[in-house]
Amino acid sequence: MAHQKVQTLLIADDSEINRAILSEMFIDDYRIVEAENGRAAIEKIQELDGCLTALFLDIVMPEIDGFGVLEYLHLHQMMNEFPVFMITAETDMKMILHGYDMGVADIINKPIEPIVVRRRLSNAIELFLNRNHLASQVAEQVQLIRRQADELRSINISIIDTLSSVIEFRSGESGSHVRRIREATYTLFSNISRIRPDLKLDQNAVEAISSAAAMHDIGKISIPDYILNKPGRLTAEEFEIMKRHTVYGCDILESITVLKQSELYQYAYDICRYHHERWDGKGYPDGLKGDEIPLWAQVVSLADVYDALVSDRVYKKALSHEKALKMIAGGECGAFNPTLLQYFLSMADYLRDTLYTSSDELGASQTSPLPTKYTAVSTAAENLLTQLETERQKTLLFSLLSDDIMFYIDFRTDTIEYTRRCKDLFPGPYRRIHATDYLQNNSRLLPEDLEALRCELKNITQQNPDIQTTVQVHMDKGEYRSFKLHLYFCFSNEASPERTGCLGKMEPVNEQQN
Amino acid sequence: MEIEEVMAPVVDDMETTIRRFAGRIELWEKFLLKFKDDLTYTELQTAYELSDGPAMERAAHTMKGIAANLGLQRLSDASADMVRSVRENRPDLFEKNMEAVRREYQAVLDAIRKFAD
């Protein structure tokens, strides 16, 4: 900066000769400006306005003396801009000390030794330049660190959201559900941290709570598919299993050692475990009551209930914003902290406007801006979701083309796919995952039929790949009907072939063949 | 006449003096000529006659500095004495000190005039 321009020295001394001598010393290397007293010196300093490299200051001057100039510099906080040299014939120690007290860089006695003064001047200038340069370097580094911290935060958010979305996809939730829960929690807690300073929630805490909120249902990955995607009501037994997703979520979190050291962990644990607790103590898993339930879990609970009400589900259509709020306020969808409920209701319109009115579900998010070079993570997840979607459509086509009651069990992916006719007779999804789970718990076949099948299975080889038998099947209306069951097993093309899947066909007995 | 010869009577340490001007005698000469027209002595004289203590102190102090810079040690010392007597509030010494300054100043002027011609 200054060293790229011509360096300027200001010499303030009431003696023309003294000024001349000093000037002579430096005229070859610097631009010289002179002042014959303190007042003139101050004027020149103002004129030079930031372009002054160093100041030579005599003490004894008329009008305003050297100390007067130093006071002016202090007043305008200029002592750090350039070195000040006190030039004096003074040997009075008191004055010298006073000069140092006022922050002069050096005291030079008359008669002046040119070589010494030149060296001291260049030393002092160097020091000041370095000091200022260092300050600006530090400022630059701080900015860089801040930018990198922001980027890291964005990556964290997108990884958490993406993984949570993949897990939620199994139960039919979309990625935007996770994002909405995160953002609703963020909005609600940003305000809470302001109106409840006693909670001491800083910006980091609010962001950690929001990320934790995104992970509230990760425990669902441990819930079998036939329960997770059951279109009808769950039995008492099935519901007990479903409730465990709270605790399973905590198990998963506990197993991630790195996570435990972060601020995020405690919030994530609490939210996973307690987001189904109720204010009246009738929630699960631990039956916590009132303020025993951590505030963040309560908030996520509310946000989750609202989101569920205003979204389409397999078993119900989306409710209107007003109806949802009415139900929540009326205590029809869980018991909540009355104060928190009031607060939520006051924020509800804002949440709807910012999170729910965009017809494009993947609309702009305010809490997790994604730097473009980090889309690889979310792209992988999107690819995965697209693949799953394609598989769904394939299954649909397969079922539409066939008029038979058929199904295919794929052992490698542990899935079952059904034709439409099959689905008509035995209501359920077109495609079932966790097939093994399902088949083990399936109660449609009589135990003796199942046992017989298991025996026959042992005889299946590539040369002998099929079973034909008659079975009694439990229909939904409670009766049993007879079916001819054909099972055809497929094998891999390896040296020791393995069963890769099984095609099944059922023909009702005692029905006319058309 | 050579400047060194001429100035010798009023300069105690010629070598140091010239060294201060980075060996450039012509610079010293230039400033000595300027000194001839310098008004500090006149200021001191006026202040003395008006018994203006602060003004005397200032002028004597300035004289002390200039003289020292130019190697005119005796003139510088006499000026220093004057400064001290004002600061220590010794008006009884004013006359004696003023006389000493006048004497030294005159000697310097005489010497300068010699090589100025």
Side-chain angles (χ1 to χ4, degrees), chain A residues 11-29 32 34-40 56-68 85-96 98-99 107-122, chain B residues 11-13 15-44 47 52 54-73 75-84 86-88 108 112:
Chain A
I11 302 177
D13 194 317
D14 56 336
S15 153
E16 193 199 332
I17 292 184
N18 287 338
R19 291 200 303 269
I21 293 176
L22 256 182
S23 177
E24 191 62 45
M25 234 177 266
F26 294 109
I27 197 121
D28 292 336
D29 300 317
I32 306 289
E34 297 185 17
E36 71 263 19
N37 58 46
R39 189 187 42 77
F56 288 98
L57 192 56
D58 186 22
I59 292 302
V60 178
M61 292 188 287
E63 295 193 47
I64 299 178
D65 70 356
F67 288 118
F85 291 87
M86 213 163 91
I87 313 259
T88 182
E90 216 43 81
T91 43
D92 183 358
M93 190 49 69
K94 240 179 24 194
M95 269 211 193
I96 290 175
H98 189 28
I107 297 191
I108 296 176
N109 285 106
K110 295 183 208 172
I112 298 173
E113 283 284 354
I115 301 175
V116 170
V117 173
R118 288 167 71 90
R119 294 298 291 269
R120 280 150 109 173
L121 174 67
S122 60
Chain B
V11 174
D12 287 340
D13 191 343
E15 201 186 310
T16 306
T17 304
I18 295 177
R19 184 168 46 80
R20 278 205 214 103
F21 289 91
R24 292 164 64 183
I25 294 192
E26 68 275 16
L27 267 184
W28 185 42
E29 190 179 328
K30 173 174 149 189
F31 289 122
L32 284 173
L33 288 171
K34 265 197 153 164
F35 184 64
K36 187 162 58 70
D37 302 323
D38 186 84
L39 297 169
T40 309
Y41 178 79
T42 314
E43 285 170 25
L44 177 58
D52 183 349
M56 279 167 64
E57 187 194 341
R58 244 192 340 266
H61 178 89
T62 303
M63 179 63 86
K64 171 186 167 191
I66 302 175
N69 273 341
L70 292 173
L72 309 166
Q73 200 55 47
L75 176 53
S76 181
D77 291 342
S79 307
D81 289 341
M82 188 52 139
V83 171
R84 205 173 309 119
V86 173
R87 287 202 185 138
E88 288 169 8
V108 167
I112 292 176

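Computation of the quantities below employed the complete heavy-atom set of this structure, encompassing side-chain atoms and omitting hydrogens, waters and symmetry-equivalent molecules.
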More than 12 heavy atoms of other residues, nucleotides or ligands under 6.0 Å from CD1 of A:I115: is that the case? no
Report the distance from atom CG of B:N69 to atom CD1 of A:I87, rounding to the nearest 0.5 Å. 9.0 Å
Please look at A:D14 and chain B and tell me whether the side chain, the backbone, both or neither of the residue comes under 4.5 angstrom of a heavy atom of that chain. side chain
Looking only at heavy atoms, the pair that brings A:I59 and A:D65 closest together is O-CB, 3.0 Å
Interface moiety of A:M25 toward chain B, non-hydrogen atoms closer than 4.5 Å: neither
Looking at A:P62, A:P111, A:P114, which makes the most heavy-atom pairs under 4.5 Å with chain B? A:P111
Looking at B:S76 and B:L72, would you say the former's side chain and the latter's main chain have a donor-acceptor pair under 3.5 Å? no
Quick check on B:L27 against chain A: is it the side chain, the backbone, both or neither that has a heavy atom closer than 4.5 Å? side chain
